[in-house]
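Naming convention: chains lettered A, B, ... in sequence-line order (proteins, then strands); numbering from 1 in each chain.
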2 protein chains.
Amino acid sequence: MDGGTGPARRVRLTGEERRRQIIEAAATLFSRKGFRGTTTREIAEAVGVSEAMLFKHFVTKEELYAAIIETKSHARRVMDPALAAAEREDDAEVLRTLAREMIGRTRTDPTLMRLTFFSALEGHALSDIMFRSRVQQLDDFLSGYFAKRVAAGAFRPVDPLQAAWNFIGMVAYHVQRFELFKQKPPEHLTTERAIEEMVQLFLNGVRRA
Amino acid sequence: MDGGTGPARRVRLTGEERRRQIIEAAATLFSRKGFRGTTTREIAEAVGVSEAMLFKHFVTKEELYAAIIETKSHARRVMDPALAAAEREDDAEVLRTLAREMIGRTRTDPTLMRLTFFSALEGHALSDIMFRSRVQQLDDFLSGYFAKRVAAGAFRPVDPLQAAWNFIGMVAYHVQRFELFKQKPPEHLTTERAIEEMVQLFLNGVRRA
DNA sequence: GCGTGGTAATTAAGTACTCACTTAATTCAT
DNA sequence: ATGAATTAAGTGAGTACTTAATTACCACGC
């Protein structure tokens, strides 16, 4: 009988459920307007409870923020889908998969990227917990893979870490232009085309002649 | 009998001078703590005047912000030092010079970069005035140069705009890691070394075999 | 040189409002 | 009926912005 799609009738949830709800709503708001730019009132309204509920679960707004970082830093690792290709040493596929994953994730949910930038800019100590747990894993994976390929003689003797940053930089900049600065690329530059250009540029740049 | 070296005796400045002072102080503060994170009180204190002075020159805090963007978007163009090398068609030197200029500027004064990110994140309409006036000039210059090199047969037939973004992306990511996320690179990766790796990777990737 | 009047720069002390956070009481599931 | 979830109604400390009065500067006539 319940309409189903309407906003949930105000019900009483368990502490755990409500807590998760608050974290989710706050993450979205912080990512849109920043920590300082979001009021506890707005968060409460988004959840559909009173402000007092927030402070039952988190003693300060700051602690709510920390809980968000905690939660988000446990998300699935961005390089996992590329592991199979890495096993086969299929360079192009490794890079392509990685780029697709980075771009796709940010496009379907820009929350994490925006939160990361906001906290870095606002100088939150927590920003580098996030940075370390997510970005450094990717650095390690890619630079490790490149080191192997250099050792195997497949790549020129580039610095593996710098090479990793170079590739990640291309992809990251693409994402930023699109999601942060809202710059639409010209029509002929589809996402797939852009990815292919990055991968080819990188591999030509790095492979032995 | 004036001490000479002390802070200027003049208590009272002309409107024009004071206005510039306020803009400068506000730019620094906004770039450090964001628009919403900076109070008019702090700005006034930084300048050493009362809050009422700010509102004499700018009717709202928002208008002060607009004045900053106005000012900053007139700064020297980032690609000017590379024009000479572009004239000689010295590809490596064009890219090297560009990268040095981007990194050097941001390192000596991160204000502009931070302001740009903050305003993009906070969704200020003004963010894209800044973006357009500064970043798009660079896009045009680099992609124009690459188009010429492709036409001359020196480069493979890559998409010139995507190629420009790829190079800018590498450099931008370097700057961001360093200035925004405070990640120190390992010792062997000096800035010059990093730049050289980017340039070589890019040119190998893009030149005809 | 020397007062002096006009004007622009400057401020002290507000105002109305919003913020993070609190308290004490109420509702509901079991 | 107990205890956890929940809220209405605060509180004091900021916040952007205002107002009315005060001060320093300087061109001008003497």
Side-chain angles (χ1 to χ4, degrees), chain A residues 2 7-30 32-69 118-119 122-126, chain B residues 2 6-30 32-69 118-119 122-124 126:
Chain A
D2 182 313
R9 272 171 298 130
R10 279 250 287 274
V11 255
R12 209 165 257 238
L13 301 183
T14 69
E16 195 49 41
E17 284 170 320
R18 190 63 87 194
R19 189 187 153 91
R20 262 197 293 273
Q21 236 186 32
I22 293 171
I23 289 179
E24 220 30 65
T28 305
L29 286 169
F30 285 162
R32 278 215 281 268
K33 325 182 35 179
F35 179 75
R36 289 184 243 239
T38 304
T39 68
T40 50
R41 192 166 185 263
E42 288 173 307
I43 301 170
E45 266 167 17
V47 178
V49 296
S50 70
E51 274 184 84
M53 272 318 288
L54 307 194
F55 293 99
K56 177 138 206 253
H57 289 283
F58 310 95
V59 302
T60 61
K61 188 185 171 191
E62 200 80 28
E63 195 186 292
L64 167 55
Y65 186 81
I68 292 172
I69 309 280
F118 255 124
S119 51
E122 288 179 334
H124 268 285
L126 299 160
Chain B
D2 182 314
R9 258 312 112 93
R10 280 263 287 286
V11 212
R12 207 164 262 229
L13 302 183
T14 69
E16 196 49 41
E17 284 170 319
R18 191 63 86 195
R19 190 187 153 90
R20 262 197 292 272
Q21 238 185 31
I22 294 170
I23 290 179
E24 220 31 65
T28 305
L29 287 169
F30 285 161
R32 278 216 281 268
K33 325 181 37 179
F35 178 75
R36 290 184 242 238
T38 304
T39 68
T40 50
R41 195 167 184 261
E42 287 174 308
I43 300 170
E45 266 168 18
V47 177
V49 296
S50 70
E51 276 184 82
M53 275 315 291
L54 307 193
F55 292 99
K56 176 133 207 258
H57 288 283
F58 310 95
V59 301
T60 61
K61 189 185 170 190
E62 200 80 30
E63 195 186 293
L64 167 54
Y65 186 81
I68 293 172
I69 308 280
F118 255 124
S119 52
E122 288 179 335
H124 266 286
L126 299 159

Participant: Round to a whole Å and report the spacing from CE of A/Met53 to C1' of C/dC21.
Facilitator: 15 Å

Participant: Send over the distance from A/Ile22 CD1 to D/dA5 P, rounded to a whole Å.
Facilitator: 11 Å

Participant: How long is the line joining CZ of B/Arg19 and P of C/dT10, in whole Å?
Facilitator: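 Taking CZ of B/Arg19 and P of C/dT10, I get 14 Å after rounding.
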
Participant: To check you understand the geometry: which heavy-atom pair defines the closest contact between A/Lys61 and A/Phe30, and what is its length?
Facilitator: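 Here A/Lys61 and A/Phe30 meet closest at CE-CE2, 4.1 Å.
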
Participant: Do A/Met53 and A/Phe58 have side chains that approach each other closer than 4.5 Å (heavy atoms only, starting at C-beta)?
Facilitator: no

Participant: Counting N and O atoms only, with roles assigned by atom type, does the side chain of B/Thr40 sit under 3.5 Å from a partner on the main chain of B/Glu51, one being a donor and the other an acceptor?
Facilitator: no

Participant: Answer yes or no: does a side-chain N or O of B/Lys56 lie under 4.0 Å from OP1 or OP2 of C/dT10?
Facilitator: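 Answer is no, no contact under 4.0 Å.
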
Participant: Does anything in residues 32-39 of chain A reach DNA chain D, meaning a heavy atom under 4.0 Å, and if so which residues?
Facilitator: none

Participant: Expressed in angstrom and rounded to an integer, what is the separation of A/Ile43 atom CD1 from C/dC19 atom P?
Facilitator: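 Value for this atom pair: 11 Å.
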
Participant: On a plain distance test, is the side chain of B/Arg12 in donor-acceptor contact with the base of D/dT23 below 3.5 Å?
Facilitator: yes

Participant: Which of the following nucleotides, C/dT22, D/dC17, D/dT23, is nearest to the side chain of B/Phe55?
Facilitator: D/dC17

Participant: Whole Å only: how far is the NE2 atom of B/His57 from the P atom of D/dT18?
Facilitator: 15 Å

Participant: Compare the minimum distances between each of D/dA5, D/dC25, C/dA12 and the side chain of B/Ala52, then state the nucleotide with the smallest one.
Facilitator: C/dA12

Participant: Salt bridge between A/Glu16 and A/Arg20, side-chain N to carboxylate O under 4.0 Å?
Facilitator: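 So A/Glu16 pairs with A/Arg20 through a salt bridge.
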
Participant: Starting the side chain at C-beta, find the nucleotide from C/dT23, C/dC19, C/dT10 nearest to A/Arg41.
Facilitator: C/dC19

Participant: When the distance from CZ of B/Phe58 to P of D/dT18 is rounded to whole Å, what number comes out?
Facilitator: 15 Å

Participant: Could you give the CG-to-C1' distance, from B/Leu54 to C/dT11, as a whole number of Å?
Facilitator: 12 Å

Participant: Taking CD from B/Glu17 and P from C/dA9, how many angstroms apart are they, rounded to a whole number?
Facilitator: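 Going from B/Glu17 (CD) to C/dA9 (P), I get 10 Å.
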
Participant: Can a donor-acceptor pair be found between the side chains of A/Thr60 and A/Glu63 at a distance below 3.5 Å?
Facilitator: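 No donor-acceptor contact under 3.5 Å links the two side chains.
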
Participant: Where the side chain of B/Ser50 is defined as all heavy atoms beyond and including C-beta, which of C/dA8, C/dC21, C/dT11 is the nearest nucleotide?
Facilitator: C/dT11

Participant: Over 60° means perpendicular and under 30° means parallel, so tell me whether B/Tyr65 and B/Phe35 are parallel, tilted or perpendicular.
Facilitator: perpendicular

Participant: Could you tell me whether the side chains of A/Glu122 and A/Ser119 share a donor-acceptor contact shorter than 3.5 Å?
Facilitator: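 Checked: A/Glu122/A/Ser119 side chains show no N/O donor-acceptor pair below 3.5 Å.
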
Participant: Considering only D/dT18, C/dC21, D/dT7, which nucleotide approaches the side chain of A/Val49 most closely?
Facilitator: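 From the listed options, D/dT7 comes nearest.
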
